[in-house]
Amino acid sequence: MRIFAPLSLAILLLASHAASSQAPDKTPAAPQALAQTPPMGWNSWNFFSGKVTGKDIRDSADRIVSSGMKDAGYVYVNIDDTWEGERDANGVLHSNAKFPDMKALADYVHSKGLKIGIYSGPGPKTCAGYAGSLGHEEQDAQLYAQWGIDYLKYDLCSFIPEVMEKQAPNDRAAQMRLMIAAYDKMAKALKATGRPIVFSLCQYGWDAVWEWAPALGGNLWRTTGDIQPNWDRIYAILSQQAGLEKYSGPGHWNDPDMLEVGNGRLTLAENRAHFSMWAMLAAPLLAGNDLPNMKPEIKAILTNREVVAIDQDPLGKQAGRVYSDGEVEVWSRNLSGGARAIAVLNAGDNRYSTHPFRLDLAKLGLRGPLQAKDLWTGKPVTLTHNMPLEIASHDVLLVRIGAQK
Ligand code: GLA
């Protein structure tokens with residue numbers, strides 16, 4: 001038997017090499033038990049970036065409950081980068097002084113009926129230069145499980161220069177295989193903990209992540225680089241989602257990045273349009289604003305139940321862009337119970353972009369007149385073929401046809 005051992009090892013190695021050098025598996029993903037609808041919650045990065053503390057996380061959890069956001073469906077309280085401290089002699093990672101007791105923090109968030117998320121990456125360092133999980137994947141996954149973590153965002157960053165470029169210089173295909181293997185490794189490490197932990201891939205959409213992430217157990221994956229709180233960036237990200245709708249569904253979602261609603265200098269119309277379009281995209285709804293100082297009009301946007309219901313529709317069918325006319329875009333998604341959501345977005349810089357815009361129901365496969373509900377005014381509207389619509393700059397008309405189940 002001894003003689004066969006090296007041979008079988010060689011066969012194994014060859015088999016695994018063959019598997020890893022094949023094109024990514026494009027077969028439909030096995031349904032994931034977690035994230036049957038797009039994850040909803042809040043993440044620290046967009047407002048606090050590197051300044052977040054454990055106290056901010058507690059305050060945000062408090063505010064998610066007292067503002068009514070929890071009742072509207074926001075569940076995850078996610079700590080992004082900069083919580084990490086040093087590893088001890090046994091390789092165990094400790095949180096830094098801003099997060100004195102992770103277990104107690106997780107217990108606190110859980111005591112509010114919420115869930116808690118954390119952040120790491122496959123490289124030696126995270127994007128902000130803190131300790132990453134390279135070489136400690138199993139150990140870190142076990143640590144998260146011990147703390148009671150429910151969600152992991154895993155961010156590529158230093159894995160690019162430190163592993164991909166060093167181990168496979170100038171070989172793009174080999175670099176991508178290393179990247180996929182790194183995500184697979186953490187997916188397995190999370191699974192091995194036995195704790196249900198939502199797995200969020202953050203590698204900016206590289207190598208058509210939507211084609212391979214579901215198969216390795218990814219519940220969501222970023223499709224682009226980082227969002228910023230300005231309309232141009234939000235619109236650029238939105239534009240890149242057209243065509244990705246077929247990859248998204250219950251358990252595995254395209255992630256056009258976290259919400260900027262309430263951040264920067266976005267106008268009310270832009271906040272509303274951003275939120276509407278993310279709901280149309282069945283995007284994870286992770287608010288990223290300053291919750292203790294949230295303005296009432298921002299709360300009203302984030303907690304609009306009927307818009308949230310579009311996002312969370314159990315069919316999980318992401319909207320596609322049906323047509324555009326000048327700077328006006330018409331997006332549509334099918335909802336459970338035969339209902340439909342339609343968003344008409346004026347992406348232009350003034351209201352004249354929609355003059356004279358007419359809604360072409362035939363292009364949507366519909367016939368008027370149709371009774372619908374405007375989800376921002378709450379009023380009924382009758383949709384007729386070629387009806388003229390005038391929509392303010394960077395604003396949206398979001399309607400639902402058919403009752404909410
Ligand atoms: C990357 C990610 C962001 C955020 C930062 C943290 O830029 O894309 O969402 O997590 O890292 O350093």
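Computed over heavy atoms, backbone and side chain alike; hydrogens, waters and symmetry mates excluded. Ligands are counted one by one from 1 in listed order, and the atoms in each one are counted from 1 as well. Count residues from 1 along the sequence.
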Quick one: side-chain hydrogen bond (donor to acceptor under 3.5 Å, both in side chains) pairs with a partner in residues 233-242, sequence neighbours left out?
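Matches after skipping sequence neighbours: T223-Q241, Y235-E329.
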
Does the side chain of N78 come under 3.5 Å of the side chain of W42 through a donor N or O and an acceptor N or O?
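Side chains of N78 and W42: no pair found under 3.5 Å.
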
Between S276 and W376: side-chain donor-acceptor atoms closer than 3.5 Å:
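Checked: S276/W376 side chains pair up, N/O donor to acceptor below 3.5 Å.
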
Take a 6.0 Å sphere around CG of N293 and say whether it holds more than 12 heavy atoms from other residues, nucleotides or ligands.
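Check passes, neighbour count above 12.
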
Partners of D101 by salt bridge (charged side-chain N to carboxylate O under 4.0 Å, His left out), sequence neighbours excluded?
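In terms of salt bridge (charged side-chain N to carboxylate O under 4.0 Å, His left out), with neighbours along the sequence ignored, D101 is linked to no residue.
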
Give every residue pair that meets the disulfide (SG to SG under 2.5 Å) criterion with at least one member in residues 51-168, sequence neighbours excluded.
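Qualifying pairs, neighbours excluded: C127-C157.
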
Around ligand 1, what residues show up once you keep those with a heavy atom under 4.0 Å from it?
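Ligand 1 pocket, heavy atoms under 4.0 Å: W45, D80, D81, Y119, C127, A128, K153, D155, C202, Y204, R222, D226, M258.
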
